[in-house]
Amino acid sequence: MENKIADLMSRIEAMKASNMQEIEDLRVKLLGKKGEVTALFDEFRTVPPESKRLFGQKLNALKNAAHSKLESLKESLGSLKQDGAGSGNDLTMPGTPFEAGTRHPISITRSEIISIFRKFGYDVMEGPEIEDDWHVFGALNFPPEHPARDMQDTFFVTTGENPILLRTHTSSVQVRAMETLPLPIRIVCPGRVFRNEAISARAHCIFHQVEGLYIDEGVSFADMKQAILLFAREMFGADAKIRMRPSYFPFTEPSAEVDVNCNICKGKGCNICKGTGWLEIMGCGMVDPNVLEASGIDSKKYSGFAFGMGVERIAMLKWQVKDLREYFENDLRFLHEFETVI
Ligand code: PHE
């Protein structure tokens with residue numbers, strides 16, 4: 001019996017298989033009802049009691065060797081056949097698709113605004129979200145007592161002489177541009193901005209802007225009007241009309257608020273445009289000479305215009321989103337509505 005065990009042990013060690021069927025055949029040959037290992041266990045019954053201990057151990061080792069050999073044959077077969085052929089996988093089954101994400105409406109709108117201005121020859125410039133008082137207010141002609149400089153409206157990181165704060169508009173990037181770039185300057189500045197506002201359907205403490213700046217010799221209000229009209233036509237359709245209403249910003253003079261005709265009721269008056277037929281889309285104006293001088297630009301030689309719009313607002317008008325909070329809540333039912341928009 002000892003010889004039989006040793007012989008079978010060495011044959012088990014040398015066993016090879018090239019597919020699952022061959023492994024199964026080996027299993028039957030060794031461990032099946034009439035298998036060789038099974039037969040030795042039967043023979044074990046006739047072993048004299050004093051040898052039972054020794055042969056019992058040897059037989060168990062043999063059985064374990066048979067099991068681990070079959071396992072390792074299966075494993076090596078699996079790694080050889082990584083294409084799955086013969087591995088028992090059904091290659092004709094459709095794969096499990098993994099869900100592709102969709103672009104966020106804010107990101108879609110931001111890219112669209114930027115690509116329109118790129119076509120007009122504008123570069124893109126970005127700047128820090130945490131800014132100093134000078135770039136957000138000081139250089140932009142905000143008087144020290146201006147309400148925007150109040151804790152109520154601005155998030156301060158530090159207070160005191162020259163506070164650090166979260167930018168309330170991306171006009172701060174325009175200041176950095178005027179301080180550093182050679183003239184003429186033609187840029188758009190996209191980015192996140194922060195205002196200390198109560199969150200509601202129409203306001204949020206974080207939102208996105210794209211602001212623009214064009215400075216050169218002889219830039220006029222008419223140039224600004226034309227640029228904004230062309231933008232509105234690209235964004236809202238070829239028959240879009242704009243109108244400008246006088247407004248006030250510390251950094252522009254004269255300043256205006258731009259409206260586009262309501263694309264929902266086509267000017268007849270609806271609840272989106274509150275019956276006026278017009279929707280406000282941005283603020284703009286001729287850069288105040290004080291602002292040019294503060295950044296070291298000769299205001300006698302150069303003039304320019306600036307404009308700024310809220311990306312959430314433009315996206316609201318484009319897709320008739322009624323509540324601004326939708327953009328931030330990541331509700332998949334909302335986000336999936338933009339699946340088909342590229
Ligand atoms: N910075 C202004 C705002 O955040 C927008 C603006 C930019 C207005 C440029 C005029 C000119 O409200």
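First listed ligand is number 1; within each ligand, the first listed atom is number 1. Computed from a prediction, not measured in an experiment: that's the story for all the values here.
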Within 4.0 Å of some non-hydrogen atom of S171, the atoms of ligand 1 are 1 (N)
Legend entry - Any side-chain donor near an acceptor of the partner, E312 and H208, under 3.5 Å: yes
Between E326 and W319, is any side-chain donor less than 3.5 angstrom from a side-chain acceptor?
-> no
E129 bridged to R192 by N-O distance under 4.0 Å
yes
Exercise for the section: May I ask whether F251 has any heavy atom positioned less than 4.0 angstrom from an atom of ligand 1? Expected result: yes
A student checking ligand 1 against G283 at a 4.0 Å heavy-atom cut-off should list atoms 8 (C), 10 (C)
- Query: For Q174, is at least one N or O under 3.5 Å away from an N or O on ligand 1?
  - Reply: no
For E211, the ligand 1 atoms with a heavy-atom partner under 4.0 Å come out as 1 (N), 2 (C), 3 (C), 4 (O), 5 (C), 7 (C)
Output for pair (L140 CG, S172 OG), nearest 0.5 Å, gives 8.0 Å
Would you say Q209 contacts ligand 1, with heavy atoms under 4.0 Å as the rule?
-> yes
Passes side chain to side chain donor-acceptor pair (under 3.5 Å), H67 versus N64? Steps please.
CA-CA 5 Å; H67 276 296; N64 288 341; over 6 Å; no
CE (M282) and CD (E257) are apart, to the nearest 0.5 Å, by 10.5 Å
- Task: Please check if the distance between the ring centroids of F137 and H146 is under 6.0 Å.
- Result: no
Q: Give yes or no for whether the N/O distance cutoff of 3.5 Å, strictly under, is met between T252 and ligand 1.
A: no
Heavy-atom contact check, 4.0 Å cutoff: does S255 meet ligand 1? no
Looking only at non-hydrogen atoms, the one of A256, C284, C189, S247 nearest atom 10 (C) of ligand 1 is C284
Quick note on ligand 1: atoms under 4.0 Å from a heavy atom of F307 include exactly 7 (C), 9 (C), 11 (C)
Taking only non-hydrogen atoms of G308 and a 4.0 Å limit, the atoms of ligand 1 in range are 6 (C), 7 (C), 9 (C)
Checking I297, I187, L183, V173 against M178 for side-chain contact (heavy atoms from CB on, under 4.5 Å), the one that qualifies is I297
ask   = Within the structure, does R195 bring an N/O atom to less than 3.5 angstrom of an N/O atom in ligand 1?
value = yes
